[in-house]
Each structure stands twice: as structure tokens, then as C-alpha cells.
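Working notes, beginning with the structure itself.
No hydrogens, no waters, no symmetry mates; every other heavy atom, side chains included, goes into these values.
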Amino acid sequence: MTSSTHLNRDIVVRFAPSPNGLLHLGHAYAAMVAHDYARERGGLFLLRIEDIDSGRSRPHFVESILADLQWLGLEWDGDVIFQSDRLDGYAGAVERLKAMDLLYRCFCSRASMRRAQEDDSQAEGPDGPIYAGTCRHLHPARSIERARTESYSWRLDVGKAIAMTGPLEWMDKRHGKQVNRPEKLGDVVLVPKDTPVAYHLAVTLDDARDGITHVVRGDDLFASTDIHRLLQALLDLPTPIYFHHPLLLDASGTKLSKSRDSASLSVLRTAGRSGYQMTEELKQGIFPVGISLS
Ligand code: GLU
């Protein structure tokens, strides 16, 4: 945590990791880019732990994230923010979208969607398969009846939402002005079957609540921004400026990931490597052998 007496509150940036694994070099790069974006402009740098998925989030990963950032020399302002403290706020937004008749129950199972993918009845979007819309046309009475015995998620009716907001745009400092096309992602889930709120809704509400002026994050989330922009328009939230940075790739050209066991920062930290030096190298574009920028 750092003293914030001379900070420029017109620039507020955040780093928002999910504590479902150990951070790796790609996260160090992302945190460094967001931190420097704020600091070079005298702005605030906030740390938000995105721990809404209680099935996958673990307290020891939170501890590790804090230790990694301190080791890297990336200081954040104020208290650490936890999404798990904000569940009531998310529920309020869900109720509002329901009252606007923009959400519908989806009873499709993962297996049935996988089958649709296999038999090609589900198109592929920039962020994975696009939901075919099976449950969008369920009669409301039938939906209520099925809800008595079956588990379900709530999806956003993107077509209906676009008809409500009209055309939208957003600005990316690296990629330029974007015409909003959330239909490319289809009817995304906003309330999953097993967690109180999905990433898209939580991140949009939190960026507004935390007064984030510049969302600095990786290109892997570029496509998601169209959904976030749509939600901002529906819920009367401000639209930040975006900066989607390149990603660190391994020797096979694949993004570093927690699930692919990319070398974790905590291993390097406990082995006595200098985090400060690592940050300096990342800043200068010096990467370990086999790692490059997208
Ligand atoms: N929590 C997300 C993640 O760890 C990042 C959210 C964001 O930067 O918008 O991938």
C-alpha cells in the first residue's frame, strides 16, 4: 500500500487477478503494465481480487498474489478490494436487468452444449462457442415450471439489449475506436448455475464502483469489452477508456496460463530471484528464453 497524497485521481487503473491459481510471468507483465500506466500519469493503482467463484478461489492464492506484487515492487493504493464482499450489489444489478426483461433462464447442460459444438450447430465466436439460443424461446410459464426441478443459469438476451441501447462505441488506446458488436459473443451467462454472478457483470459493476478511468488488461479480454460496454449502457454506468496490452507467449506461440503450469512467480520468489529486476527486465522488453510478446 502506498501514500496517496499527491495522486491524480483523474487516472484510476486496477489490476484484477482471480485467485484460482498461482500468478506467472504473464501476470507479472500485466500487473507491471497497469501499474506503470497509472504511475507514469501520477494516477491511482488499485488491486481488486476477483474471487466470486468460490468453487475455484482459494485464500492461499490471495496471499501469494499479494506477496508476488510486493516482491515485484508494484505497490497498490488503499485497501485490497474483494469481489466476495460485494455480492449484494451484483444481485441488485441482476434484479434490474430482470425487471428490464433482458435475462432468461437457461437449462442447457455443459454436455448438451458440448454436443452442439461437436455437431457444428453452435457457431464459434472470438471468446469460444456462441450459445445457440435454445432456451431464449422457452415460454415463461414453462421456464418457471422447469425451474422447480432443474438448475439453470441466467443469460443476457443480447439482441433485445442492443435494440434497447442502439449503436455503441468504446475507445481503446492501443487498438483505436471500436464499434460495439456484443452479438459476436452471443447471449452470455450473467448468473452461472453455481456462482452468484459471472465475470462480465461483476467486472463491469466493479470498474464503475471503483471509479476506474482506464481499464488496462490483456488482449485476451479484448472481445469481452463489447459485452461490458453493452452492460454499461443498460445500467447507466460510465465507460472507461481501455488499453488492451499484448500477451506473453511461450515457445509454441500459446499464451502463458495457470492451467499449462507456466513457471509461477512464487517459485521464482522463494528461490531468491529479484522481483525488482524481473520488473525492470519486463519493462525493457527483456523476456526469458522462449517467451515473446503477441
Ligand atoms: N479477473 C480476470 C482474470 O484474472 C481479469 C479481469 C479484468 O482485468 O478485466 O483474468
Side-chain angles (χ1 to χ4, degrees), residues 13-40 45-53 56-58 60-76 80-81 83 126-128 172-175 199-200 202-203 206-207 212 214-225 228 242-294:
V13 180
R14 55 30 171 215
F15 178 54
S18 305
N20 53 18
L22 295 171
L23 299 191
H24 53 63
L25 200 63
H27 295 108
Y29 181 76
M32 183 273 293
V33 173
H35 171 272
D36 288 6
Y37 195 100
R39 296 295 184 230
E40 281 162 12
F45 176 63
L46 308 185
L47 175 60
R48 186 170 69 225
I49 302 291
E50 303 215 317
D51 59 348
I52 30 173
D53 186 349
R56 296 176 67 214
S57 299
R58 297 282 176 273
H60 68 272
F61 290 136
V62 176
E63 281 163 34
S64 186
I65 290 170
L66 304 188
D68 288 342
L69 292 177
Q70 279 159 352
W71 173 70
L72 290 165
L74 304 176
E75 295 189 347
W76 61 89
V80 181
I81 300 157
Q83 286 192 325
D127 208 19
D172 187 289
K173 283 278 193 189
R174 195 167 142 252
H175 299 284
Y199 159 70
H200 292 304
V203 84
D206 282 335
D207 284 339
I212 303 301
H214 294 71
V215 171
V216 179
R217 62 183 174 197
D219 268 341
D220 50 340
L221 293 166
F222 182 81
S224 298
T225 307
H228 305 171
Y242 289 85
F243 180 96
H244 289 93
H245 60 72
L247 303 173
L248 286 192
L249 307 179
D250 66 17
S252 65
T254 310
K255 163 176 109 94
L256 304 187
S257 79
K258 290 168 184 162
S259 53
R260 285 166 55 87
D261 273 350
S262 302
S264 72
L265 298 179
S266 63
V267 168
L268 302 170
R269 170 163 54 80
T270 44
R273 284 279 306 274
S274 160
Y276 178 76
Q277 191 187 337
M278 176 179 287
T279 308
E280 285 305 303
E281 287 177 1
L282 289 173
K283 214 173 278 198
Q284 291 166 36
I286 303 169
F287 306 116
V289 179
I291 306 267
S292 59
L293 268 186
S294 63

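Remark: side-chain polar atoms of H27 are paired, donor with acceptor, to backbone N or O of H24 under 3.5 angstrom. Judged by distance alone, the side chain of S266 and the main-chain N or O of S64 form no donor-acceptor pair under 3.5 Å. Although no hydrogens or angles enter the test, the distance criterion places no donor-acceptor pair under 3.5 Å between the side chain of D250 and the main chain of I291. Put simply, the side chain of W71 gets close to the backbone of R273: a donor and an acceptor are under 3.5 Å apart. In terms of modelled atom types and a separation under 3.5 Å, the side chain of T225 and the main chain of H228 share no donor-acceptor contact.
Side-chain contact check for L46 versus I81: some heavy-atom pair is nearer than 4.5 Å. With a 4.5 Å cut-off on side-chain heavy atoms, Y199 and L221 count as touching. No side-chain heavy atom of R58 sits under 4.5 Å from any side-chain heavy atom of N20. Residues M32 and L72 form no side-chain contact, since every pair of their non-hydrogen atoms from C-beta on lies 4.5 Å or further apart. Between L23 and R269, the closest side-chain pair of non-hydrogen atoms is not below 4.5 Å. Counting only heavy atoms from C-beta outward, the side chains of L69 and F15 approach each other to under 4.5 Å. In this structure the side chain of H200 reaches within 4.5 angstrom of the side chain of S224, judged on heavy atoms. Between R39 and F45 there is a side-chain heavy-atom pair separated by less than 4.5 Å.
Closest approach of P19 to V62, counting heavy atoms only: CB-CG2, 3.6 Å. Summarising the geometry of R48 relative to R14, their closest heavy-atom pair is NH2-NE, 3.7 Å, with the distance given to 0.1 Å. Minimum interatomic distance between L256 and G26 (heavy atoms only, all atoms of both residues): CD1-N, 3.6 Å. When all heavy atoms of S57 and D51 are compared, the pair lying nearest together is OG-CA, 3.4 Å. Listed here is the closest heavy atom pair of I212 and V13: CD1-C, 4.1 Å. V216 approaches A34 most closely through the heavy-atom pair CG1-CA, 3.7 Å.
Sparse packing is recorded around CZ of R56, with 12 or fewer heavy atoms of other residues, nucleotides or ligands lying under 6.0 Å away.
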Taking it one step at a time, do I286 and E280 satisfy side-chain contact (heavy atoms from CB on, under 4.5 Å)? CA-CA 9 Å; I286 303 169; E280 285 305 303; over 6 Å; no
Could you walk me through whether T279 and L74 satisfy the side-chain contact (heavy atoms from CB on, under 4.5 Å) test, starting with their C-alpha distance in whole Å, then the side-chain angles of each, then the deciding distance to 0.1 Å, before giving a yes or no? CA-CA 9 Å; T279 308; L74 304 176; 4.1 Å; yes
Residues L248, K255; criterion side-chain contact (heavy atoms from CB on, under 4.5 Å); working and verdict: CA-CA 6 Å; L248 286 192; K255 163 176 109 94; over 6 Å; no
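Separating the CG atom in L22 from the NE2 atom in H60 is a distance of 6.5 Å, to the nearest 0.5 Å. Taken from CG in L66 to CG in D68, the straight-line distance is 9.0 Å, to the nearest 0.5 Å. Taking CG from D206 and CD from Q83, the interatomic distance works out to 4.5 Å, rounded to the nearest 0.5 Å. One distance of note links OG of S294 with CG of L247; it measures 4.5 Å at 0.5 Å rounding. Rounded to the nearest 0.5 Å, atoms CG (L268) and OG (S274) are 11.0 Å apart. Considering CG of L282 and CD of Q277, their distance stands at 10.5 Å, rounded to 0.5 Å.
In terms of the salt bridge (charged side-chain N to carboxylate O under 4.0 Å, His left out) criterion, R217 has no residue partners (sequence neighbours excluded). Shown here are the ring-ring contact (aromatic ring centres under 6.0 Å, His included) partners of H244, two or more places apart in sequence or in another chain: W170, F222, Y242.
One finds a salt bridge joining R174 and D219 here, because a Lys/Arg side-chain nitrogen approaches an Asp/Glu carboxylate oxygen to under 4.0 Å. Using a cut-off of 4.0 Å between Lys/Arg side-chain N and Asp/Glu carboxylate O, E281 and K283 are scored as not salt-bridged.
A centroid separation of 6.0 Å or more is found between the aromatic rings of H245 and Y37.
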